[in-house]
Structures are given as structure tokens and as C-alpha cells.
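Here is the structure we will look at.
Lettering follows sequence order; numbering is per chain, from 1. Every heavy atom of this structure was used, including side-chain atoms; hydrogens, water molecules and symmetry mates were not. Here the structure is a predicted model, which is why all the values come from computation and not from measurement.
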Amino acid sequence: MSRKRKAESGEVLKIGNKTISLEGYLTKKPKTASTPSTSTSDNNTPAPSTENDATTPTDPKEFKPSRPLTGDPSLFATRRALPLYLYQDRIRSILSKKDVLVLVGETGSGKSTQVPQFLYQERWCQRRRVKVKTKTREETVNVGGVIAITQPRRVAATTLAGRVAKECGTPLDTSGRGTGKDQEKGLVGYSVRFDHRVPPGTKIKYVTEGMLLQELLRDPHLRQYSAIIVDEIHERSVDVDLLSGFLKQIVTGDKAGRGGIPLKVVVMSATAQVERIKKFFSSDDSLKKGTSGEEVEYLEIEGRQFPVEVIHEPKPVPDIQEALLKTVFKIHTQEPLSDKHGKKDILCFLTGQEEIEAAQRLIEEFAETLDPKVPKVKVFPLFGQLSMEAQHEAFQPIKHPFTRKIVLATNIAETSVTVPGVRYVVDCGKAKVKQYRPRLGMESLLAKPISKSSAIQRTGRAGREGPGKCFRLYTADTFATLPKTDLPEILRTDVLGAVLTMKARGIDDVLSFPLMDRPEIDAVENALVHLHVLGALGDDGRITDTGRKMVLFPVTAPYARVLLAAADPRYDCLLEAIDIISCITAGDDIFMQVRSEKDKEAVDVYRKELQRREGDLITYLNTMQRFVSTPSADRGTFCKQRRINVRNMRQALNIRKQLRSLSVKNKMLAEFPMPDAEVTYQPVSPETAERILKAFLKGFAMKTAVLAPDASYVTAHGKHVVAIHPSSSLHGVKREAIMFLEHVYTQKNYAKKVSAIQAGWIAEALAA
DNA sequence: GAGCTGGGG
């Protein structure tokens, strides 16, 4: 089983039957000649832009803004040092005249924290009472007063709010509690799923993109707001693309719903590749004479990055692991361990867990062969499926003074987390990307070349704390052929959810909704048909009552359909469906992967108890029911024994609570269920399990397969062969028919989250 | 018989 590996001292490394030559890359003495001749520097590191506007002097000490800083004086010095400080008058002046500003500011410019503080006292930002006409009558409403700043991630929204509250010197209790009327007044708040802190008097509100889309459902004109600041738009999530469309409609529309008061929009990006964004908001086609407010202003602000030298490979590398090993040890043996800026650690970008674990083994084995005079290395893997503690380890500085840290990461380290101490980046040039195939109704997850923008982002990770170097394991020519930017998510994903989002917010003609990038018509048509099958759209293509109920739940359309079916007396299994959906939508699988064979045996003993012959869904239900009936004190052990991801389980409990209370609110549950402590665990009967699976079929009848005579599973829709994924409890098991919730192409065409069903149930689900 | 980039309501 265990592959034989042998590290040899000298210049050759053997792994199994593979021999890697390290000739010319290793000099056992740390001090040698400087950088090899292949070294080239390209112009990707952001050069400070020359700003020759008269209103922005170059010395922050001489600059006197038209309005003094307010808030906590102890933080003034830090804020004055931010590049953005010099631009505050300019930004205020632009927005007093124009409605849309596109602002490019590299990481560290301070845009996310400072821009809202520059604006909230502006005259146009005051709340106003205005008359608006509704269908039936005229009414007086409040418009404006608050600035919203959207963020792609919850953690960003909450931490930014905390920091800005501190700068403003107003309270924001992020510790919990502090709700209701005992809340103190404050300038700054935030609102993310499961967590809302909006003190009375809030003028600056950090929200996730999804949250603002939710608000749009209740308030299509965003009347509460004077301005929306869309941050990190370059990440191009589906949510930000939809949001941009709605904002464009408000900005360029007749504003009657806002009593004629304009909504200001500031779009902020970390990369300068904003042509498409600029053009999108400039509303060329809808430009009307006499309304100058529609014009878009553009401003670019330098970041605070140290220079990073970029080194490409002279010729294409045949083996990425080999190239990585050579490069890592070239850095390790030729570059200093630290300098006046601090430690000089290495961050490597790889595609996935498998590649990372292989690289870790290689590096650790080779490190053992190094001369004792050479500093030690310590390797840390970093990918999403890793436990919180293991991820945390990669962020800790190494205490030992004679050791260099090497972090092997997926693109989790590109945007989601920042590893401190990094001064060398090694970039393999690839990343795994998920792409939806509308024709096949499945997605693929494959390693593909990254974009230039992504490569530059990775490079930048070497220059956060001091001057750095980035080694690209591909040639300069290859870099030149990379696409400029990544494909936005809306072109890579099932647009089912996006289409329902539009329909629910009054967009009847989804094909003419303004989007920066339009999905193919095929993809949209597929989504429309699918929504019709789910009953969310009627024959006329308009949203149905079922569809309106579906959007009230924070889950994708098929899951929402399952919840509605489960609430139907015919199936009567809403609480069970909620338990299952909570487990499934809580992030990655609550069952973590077990790395060693020995651990796997021990864990499987416990996991087997949870597994049910009906398959993964009922296993999840069993797991949730067992978990909540376990006393709190024993839950940690329960998770540990079964290698259940505690973080995801906690998230599942939050989702469960939210779905339960939404069910009560939407009259699908008569009353709140009994507290878990009062429920004794009892495994569901086979009869109940059957009802549950039939309820799930109302959302997933399209994702079924029947066992063929040759013992393969063939999908009912499309007639493709699928294999049951090894993560499923039904892997290797043959049943009459299966339902699966996910369908992914990796090494093979895989079905995941699989349940055993009867073939007859499929037609039954599609009929009624 | 064989495995998984990252987010969000």
C-alpha cells in the first residue's frame, strides 16, 4: 500500500520509481552567488501611479483636508498614513456632482474603511422626507441617510465594521448580546446572515452582498440608503453581478420610487482591470440629455505594496512537483531567513489537497538530507477541508530562529486568508475551477491555467511585509498567453438561482436585465425550464406563489422546493428535511476526510453506526438527530470520534434554527418545535425515510439514475453513466435506482449525496 | 473501488 520513497543524499531524489535530479539547484552553503540569470522582472507589480491633480498634494503632513478627521484621535496618525487620506476632498467633490464613482485602490489603500467615513456627513447623505406615488395613492416616506458597504464575505463585513466603529469612536458590540432598546447609539453597524448589529443612529452599514439582495426583495428602491459602496467588485461573485444590475437600474431609472432622490454608487476594485465595469455603469444606451448625474467618474489610488521581483522559468517544466521542489530549496538555500522587515517565509500556490500532500512529503523528505548547517524547514498545508486548528497553524510564526516556514496552499490564500511573514511566492500557475455544463446538468472541477489578474494577485502576496520575490513555475511566454481576468462566476455556474432572484424582484424579461457578463441563452433557457419543472414559474414564465415562497428560504431553489414538499401533509417531514438540508448546506461535508489508514479504521467504526441503508440523506438526518440529543458536554467527543467538522456542524445548527423559524413565520409549521433537550433520539422508521426521500424527489427528480443491466448507473435525464462518489455511504453498492443531489466531473462522472430509491418514484414525483 | 478551489442568503 505505502509507496516506497527514498531520499538520497546528493543531487538525486527518488520517489517510488521516479528519479528527480536536483543538479545545479542545490548548494549546501547558504551563501552563494546572487539570483540566476533567468531572473526577469516584469511590470506586474503595481507602480505608484503619478497623481498630478492639484488638489492632492503628495505629502500627507502638509495636506489639510477641507474637513478634519473625526472619531478616535489615537487612530488619526494611522489614518493619515493611508494613501486614501489625500483623496478625501476629491472623492467628496466627485460625488457631490456625479452619482457613480469607480474607485481602484490596491490592497492597503484603506478604501474599505475610509471612503464611507469621508461621505456620511455630506449633505446628500441626509435622510429626507419625500412624497412617492404608489399604484393606488401618494404617501410620504423617508429616503436616504445610510451608506451601505457590501462585502463578498461575512467575516470581512463584521471585522471592517468593528474597525470603523473604533475609528469613529462609537460603540459596536461585536461580542454578542446588545440588541433591542438597551443598545447604545452608534454610527456604524453591520448585517450578515445570523448576525445583525445595527445600533440606532447607524449611518455606515457593512453588509454581505447576499444580504443587500435580500433587502432588495423588501425594498426595491433601497430607500433606506443614500449610497451603496460595492467593495471587491473584481471578485465578480454572482451576487455582486446581480446587485450591479439592480443598482444600474436604480441609478439610470426615473427615481420616482425614491421621490426623485438619486442613489449614489461607489464601485471599488482592487485591480485596474475595470473597463467592463466602467462601461457597464456609464449607461451609454440609456443616457438622456440633461441628466449629467449618469456619468461615471474614475479614480485610481496607489496601494502600499513593496516591490516584488518576478522570476519565470526559462522553459516549460515537465513536472510541477519536481519544479516546486527545486525552486523551494533554491530559495531556502540561497535566500536569507529574515531581514529588517521580519521573517522571509515561502508560500506556494498549488491546485488541490492531493498535490499539496504529495509536495509536503517530497519537501520533508528532501529536507532531511540537507546539511545540518542549513536552516531547517517546516511545512504547513493550507486548504479549505483542513480543520480550523490545522489552518491556524499555518498563520503562526515559527518560534525556532533557525527554521523557515513553507506554506503549501490552494487559492484559499489568494483572497480568503492572508498568511503573515510571506516574502517568497511560488506559483504553479493553475487552480481548480468549477464550471457548470448546462447541457449535461452537471459541473466539472478541473485544474486550469489561472488568469493574469490572478497571477498578479498571487505575486502580490510576497510584498505585504517587505520586498519579495515571486517564482512562477511557467515561462514568461505562458504568462503572456493567460487570459486577462478570470471567468466571472455567473458564466461558470448554474444560473437557476440567479434567474429566480431576478424573477422574484420583478424582472419579467430576464434576458434584458443588465449584466456585466451575460450567460449564454442556453444556460438561461435551461434555468427557466428547470424553474418551471420545480413549479416556481408558471406556463407564462411569471413567478408563481410556490416560487415566491421558495425565495423566502436562504437555500438554492431545489432545496426550497423540497422544504415546501416536506411541509405538504402528503409527505409531512419538514423537520427532518430541515435537518438534512442544514447538514448539506453548512459548507463542505460535515464528515471530514480521514488522512491515515489507521485513523480511518477507528473512525469508520463510529461512522458505520450513523449510516443507513437508505443512503446519505438519511445518514445526515441520523447524524443531526444523534448530535442534538447528545448532551452539550459530550458533543465535542461525538464529533471527534466521527471526524465531524465542528465548525460546519455549528453552522448547520444555525441554519437549522433559521429554517425552523422561517417555517413558522411562513406558516409551514404551526409552532416552534420542542427544544432538543426534550426530544429523545429515535431512528426514523423506513416508512418515514421513504416519505423524506419522496419529498426530496420533488426538488431532485432530474438528478436520478437507474441501474443498467451492465451494473452501471444511467441518469434518467440525459442518459449518462455516473459512478457513486467514494465519499458516499452507497459507494460500491448496487440498488435499483438512485437520487443524487450533486453531479461532478473530476476523474470520472460522479454522483454525490446519494440515496437509494425505487425507479417508480421518479415518474411519481414528476407527475403530481 | 477510490477523493474535493473559494464564497453567499
Side-chain angles (χ1 to χ4, degrees), chain A residues 1 150-157 191-196 207-218 232 235-243 349-357 382-386 391 409-417 428 430-435 443-448 450 454 457-458 486 488-489 492-493 497-498 500-501 504 550-557 559-560 581 585-589 591-595 597 600 645 651 654-655 658-659 662 711-712 723-728 730-734 742 744-748 750 752-753:
Chain A
M1 178 62 219
T150 70
Q151 293 293 326
R153 282 170 287 281
R154 300 174 52 203
V155 59
S191 184
V192 301
R193 190 182 187 184
F194 310 128
D195 196 2
H196 309 268
V207 296
T208 45
E209 293 156 357
M211 204 46 125
L212 199 60
L213 278 176
Q214 245 7 62
E215 288 189 16
L216 219 34
L217 209 50
R218 297 190 300 268
E232 313 278 15
E235 290 192 24
R236 296 296 306 277
S237 65
V238 172
D239 282 353
V240 92
D241 277 18
L242 291 172
L243 204 51
F349 285 99
L350 295 166
T351 57
Q353 178 175 354
E354 209 179 345
E355 207 174 85
I356 286 171
E357 285 171 350
L382 182 62
F383 48 87
Q385 273 285 70
L386 226 48
Q391 285 193 31
T410 61
N411 52 1
I412 188 174
E414 203 179 298
T415 48
S416 304
V417 298
C428 78
K430 292 194 167 153
K432 284 196 180 169
V433 283
K434 211 188 245 176
Q435 177 129 29
E443 52 197 10
S444 59
L445 181 68
L446 300 169
K448 295 209 163 159
I450 57 172
S454 191
Q457 182 76 19
R458 290 178 173 191
D486 292 299
E489 194 188 8
R492 294 187 288 109
T493 192
L500 186 59
T501 299
M550 281 164 61
V551 296
L552 298 173
F553 288 93
V555 293
T556 57
Y559 288 122
I581 291 172
T585 60
D588 288 315
D589 205 332
F591 294 108
M592 293 191 293
Q593 292 170 70
V594 185
R595 300 173 86 176
E597 283 296 316
K600 198 168 150 52
N645 186 323
Q651 172 82 347
N654 278 329
I655 296 170
Q658 188 185 29
L659 294 180
L662 283 168
S712 65
I724 295 178
H725 194 273
S727 65
S728 170
L730 290 184
H731 177 68
V733 177
K734 303 293 172 196
E742 288 163 24
V744 186
Y745 180 83
T746 49
Q747 303 293 319
K748 259 199 209 174
Y750 280 117
K752 298 167 80 172
K753 315 259 160 69

(request) Check whether any side-chain N or O of A/K748 sits under 4.0 Å from OP1 or OP2 of B/dA2, and answer yes or no. (result) yes

(message) Quick check for you: among B/dG9, B/dA2, B/dG7, whose closest atom lies nearest to any side-chain atom of A/R154?
(response) B/dG9

(message) Applying a 4.0 Å non-hydrogen cut-off, can you work out what A/E235 is touching in the nucleic acid: base, sugar-phosphate, or nothing?
(response) nothing

(request) Rounded off to whole Å, could you give me the CG-to-P distance for the A/L446 and B/dT5 pair? (result) 11 Å

(request) Return the 5'-most residue of the pair A/V433, A/V555 with respect to DNA chain B, ranking by each residue's nearest nucleotide. (result) A/V433

(request) Indicate, with a heavy-atom threshold strictly under 4.0 Å, whether A/V238 touches base, sugar-phosphate, or nothing. (result) nothing

(request) Specify the separation, in whole Å, of atom CD of A/Q353 and atom P of B/dT5. (result) 7 Å

(request) Looking only at side-chain atoms of A/T410, point me to the closest of B/dG3, B/dT5, B/dG8. (result) B/dT5

(message) Side chain of A/S727, heavy atoms from C-beta onward: which of B/dG3, B/dC4, B/dG8 has the nearest atom to it?
(response) B/dC4

(request) Measure from the side-chain heavy atoms of A/E489 and tell me the nearest of B/dG6, B/dG3, B/dG9. (result) B/dG6

(request) Using the closest heavy atom to pick a nucleotide of DNA chain B for each, name whichever of A/R492 or A/V551 lands nearer the 5' end. (result) A/R492

(message) Taking 4.0 Å as the cut-off, does a side-chain nitrogen or oxygen of A/T351 come that near to OP1 or OP2 on B/dT5?
(response) no

(request) For A/E209, report the nucleic acid contact type (base, sugar-phosphate, nothing); a contact means any heavy atom under 4.0 Å. (result) nothing

(request) Please examine the side chains of A/P554 and A/L659, heavy atoms only from C-beta on, and report whether any two atoms are closer than 4.5 Å. (result) yes

(request) From the options B/dC4, B/dA2, B/dG9, select the nucleotide whose nearest atom is closest to the side chain of A/K752. (result) B/dC4

(message) Without decimals, in angstroms, what is the distance between A/L382 CG and B/dC4 C1'?
(response) 15 Å

(request) Just call it for A/L445: base, sugar-phosphate, or nothing, with non-hydrogen atoms closer than 4.0 Å on any strand. (result) base

(request) Using a cut-off of strictly less than 4.0 Å, decide whether A/T746 has a side-chain nitrogen or oxygen near OP1 or OP2 of B/dC4. (result) yes

(request) Could you state the atom-to-atom distance from CD of A/Q747 to P of B/dG3 in whole Å? (result) 5 Å

(request) Classify the nucleic acid contact of A/T208 as base, sugar-phosphate or nothing, counting any heavy atom under 4.0 Å across all strands shown. (result) sugar-phosphate

(message) For B/dG1, does the base pair up with any side-chain atom of A/H731 as donor and acceptor (N or O, under 3.5 Å, distance only)?
(response) yes

(request) Look at all strands and tell whether A/G732 reaches a base, only sugar-phosphate, or nothing, counting heavy atoms closer than 4.0 Å. (result) nothing

(request) To the nearest Å, give me how far apart CD1 (A/I450) and P (B/dG6) are. (result) 16 Å

(message) Could you work out, with ring-ring contact (aromatic ring centres under 6.0 Å, His included) as the rule, every residue matching A/Y559, not counting sequence neighbours?
(response) A/F700

(request) Determine whether A/E489 and A/E235 make a side-chain contact, defined as any pair of heavy atoms from C-beta on separated by less than 4.5 Å. (result) no

(message) Any base atoms under 4.0 Å from A/T556, or only sugar-phosphate, or nothing? Heavy atoms, all strands.
(response) base

(message) Could you tell me how far apart A/F591 (CZ) and B/dG3 (P) are, to the nearest whole angstrom?
(response) 20 Å

(request) Evaluate whether atom NZ of A/K734 has more than 12 neighbouring non-hydrogen atoms of other residues, nucleotides or ligands under 6.0 angstrom away. (result) yes

(request) Rounded to the nearest angstrom, tell me the gap between atom OH in A/Y745 and atom P in B/dG3. (result) 11 Å

(message) For A/Q658 and A/R193, which I'm curious about, is there any donor-acceptor pair between the side chains at under 3.5 Å?
(response) yes

(request) Select one nucleotide: of B/dG6, B/dG9, B/dT5, the one nearest the side-chain heavy atoms of A/K432. (result) B/dT5

(request) Please name all residues satisfying ring-ring contact (aromatic ring centres under 6.0 Å, His included) with A/Y750, sequence neighbours left out, ordered by chain then number. (result) A/H725

(request) Using whole Å, report how far CD1 of A/I724 lies from C1' of B/dA2. (result) 13 Å

(request) Please determine if A/R236 and A/D486 form a salt bridge, counting it only when a charged side-chain N lies under 4.0 Å from a carboxylate O. (result) no

